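The figures that follow rest on heavy atoms only: side chains count, while hydrogens, waters and symmetry mates do not. Bear in mind the structure is a predicted one, so any value in this text is a computation, not a measurement.
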Amino acid sequence: MQEVVPIHTTNGTPQHTRVADALGAQDASVRLQAALAVGSNPDPGFLETLVERCAVEPDFFVRDMLSWALTRLPPEITLSRIRQELGSERTQARSQALHTLSKIGDGSAWAWITRDMLRDADDEVARTAWRVAVALVPEDVKRDLAGELVMQLGRGDREVRLSLSRALVDLGDVSTPALEQAAAHPDPVVAAHARATELLRQNPETGFDAALDEAKRVVTLGPERAAAAGAVSGAAEPGHSGEAGESARAGETAGFVESAEATEVAGVAESAGTAETAALAEAAKAVEAVEAGESAATGERAGVGEAAGVTATAGAVADADVTEAAGC
């Protein structure tokens, strides 16, 4: 059973007490409706209640509604309280405070985004910090932020890496120098993530998985051999385009990526097999021709023999008739 977390309000009226109790109810739909009600009728008296609930609310949709309700309050009283949560020992309190800052969108909060937040050991906190930093960063420090974010390349699972790539893409062209430098990193995971991010920046329509597969191929083979492999694959499948084409080419050359030498041997073997198949086909044609000739000759001989037999039989019958007539 879900724990009911007590909520305290700075306003002790019966109505506020009922709403506060609803925000801590066991039923998520009740909590969602309560948060909606608070946001629809903004009251600074609910500030502390909303902030406390953000730190412990287990349901994503309710948390998002709580943040929305906070954005409905005057920023001059909301921002200072949210800033306190950025230093909380509870990871959810930190991540939700960052999320709320992104919703408010006040540029003055940029100064509160520290390197420690961008490097937070908790993936959810770090992901939220990346998103908020990109949303609030002043134009003249975007390049510095890109340099900081690339230090996290290769971190975490697919979702974490996708979040980081999106943040770097959203920074625009200023992230290119940092990504190009990271693409030469000795760690292939970091290098591939950097290349995939740059591919996404150049072509946002490219899917992340397709971009990452292509980047891994380049890192494994090297740019020149990867380009050669891609040209061969592209010639074989001219109909592929966009993400589907990238995925198809990545799949077709997966063996090549893993072992280029094995693919070359396979190509030689395939060529030899093709030549051998062609020779066998020619031999088969020759055999068919010979057999056809023999069948014709056999048929001709059979026809002649049959005709001779009929003639001989007819002659014998005629002789018999004559002898029988003479006897009579």
In Å, rounded to the nearest 0.5 Å, how long is the span from [atom1] of [X] to [atom2] of [Y]?
| X | Y | atom1 | atom2 | result |
| --- | --- | --- | --- | --- |
| Leu50 | Leu70 | CG | CG | 4.5 Å |
| Lys103 | Ile82 | NZ | CD1 | 12.5 Å |
| Leu136 | Arg131 | CG | CZ | 11.0 Å |
| Leu179 | Asp173 | CG | CG | 11.0 Å |
| Leu212 | Thr206 | CG | OG1 | 12.5 Å |
| Gln152 | Ser163 | CD | OG | 12.5 Å |

Under 3.5 Å side-chain donor-acceptor pair for [X] and [Y]:
| X | Y | answer |
| --- | --- | --- |
| Ser67 | Gln96 | yes |
| Thr176 | Arg201 | yes |
| Ser29 | Asp27 | yes |

Contacts of [X] that satisfy side-chain contact (heavy atoms from CB on, under 4.5 Å) - sequence neighbours left out:
| X | value |
| --- | --- |
| Pro42 | Arg72, Leu73 |
| Val160 | Asp123, Arg127, Trp130, Arg155, Asp157 |
| Leu32 | Val62, Met65 |

Given 3.5 Å as the limit, does a donor-acceptor pair link the side chain of [X] with the main chain of [Y], or not?
| X | Y | result |
| --- | --- | --- |
| Arg94 | Val125 | no |
| Arg63 | Pro58 | yes |
| Arg161 | Gly156 | yes |
| Gln92 | Cys54 | yes |
| Thr220 | Arg217 | no |

### Query
Considering residues at least two apart in sequence or located in another chain, which fulfil the salt bridge (Lys or Arg N to Asp or Glu O under 4.0 Å) criterion with Glu139?
Lys142
### Message
Suppose we screen for salt bridge (Lys or Arg N to Asp or Glu O under 4.0 Å). Which residues come up paired with Arg119, at least two apart in sequence or across chains?
### Response
Glu148
Out of curiosity, does [Y] fall in the hydrophobic cluster containing [X] (side-chain heavy atoms, cut-off under 4.5 Å, transitive links)?
| X | Y | value |
| --- | --- | --- |
| Trp68 | Leu79 | no |
| Val30 | Leu23 | no |
| Val141 | Val150 | yes |
| Trp110 | Val174 | yes |

Heavy-atom check, side chain of [X] versus side chain of [Y], under 4.5 Å:
| X | Y | result |
| --- | --- | --- |
| Ile113 | Val137 | no |
| Leu101 | Trp112 | yes |
| Leu168 | Leu153 | yes |
| Leu118 | Leu145 | yes |
| Thr91 | Glu124 | no |
| Asp209 | Arg158 | yes |

### Message
Using a 6.0 Å cut-off, check whether atom CD of Gln181 has over 12 heavy atoms from anything other than its own residue.
### Response
no
### Query
For Thr100 and Leu66, what are the C-alpha separation, side-chain angles and deciding distance, and is it a side chain to side chain contact (heavy atoms under 4.5 Å, CB included)?
CA-CA 9 Å; Thr100 304; Leu66 290 169; over 6 Å; no
Testing the basics here: between [X] and [Y], what is the closest heavy-atom pair and its distance to 0.1 Å?
| X | Y | value |
| --- | --- | --- |
| Ala55 | Ala93 | CB-CB, 3.7 Å |
| Ala178 | Ala146 | CB-O, 4.2 Å |
| Ala183 | Arg195 | CB-CG, 3.7 Å |
| Leu200 | Ser165 | CD1-CB, 4.2 Å |
| Ala97 | Leu86 | CB-CD2, 3.8 Å |
| Ala215 | Leu199 | N-CD1, 4.4 Å |

### Task
Apply side chain to side chain contact (heavy atoms under 4.5 Å, CB included) to the pair Arg143 and Leu171, showing each step before the final yes or no.
CA-CA 8 Å; Arg143 188 178 298 274; Leu171 282 176; over 6 Å; no
### Criterion side-chain hydrogen bond (donor to acceptor under 3.5 Å, both in side chains) on Thr114 and Asp116, from CA distance to verdict
CA-CA 5 Å; Thr114 65; Asp116 288 342; 4.9 Å; no
### Hydrophobic cluster (4.5 angstrom, side-chain heavy atoms) - remaining members for Phe61
Phe60
### Message
Please determine whether side chain to side chain contact (heavy atoms under 4.5 Å, CB included) holds for the pair Leu164 and Thr197, giving the CA-CA distance in whole Å, both sets of side-chain angles, and the decisive distance to 0.1 Å.
### Response
CA-CA 9 Å; Leu164 183 57; Thr197 303; over 6 Å; no
### Query
Using 30° and 60° as the class limits, which term best fits the ring planes of His16 and Phe46: parallel, tilted or perpendicular?
parallel
### Message
Taking the basic N atoms (NZ, or NE/NH1/NH2) and the acidic carboxylate oxygens, is any pair closer than 4.0 Å for Arg31 and Glu57?
### Response
yes
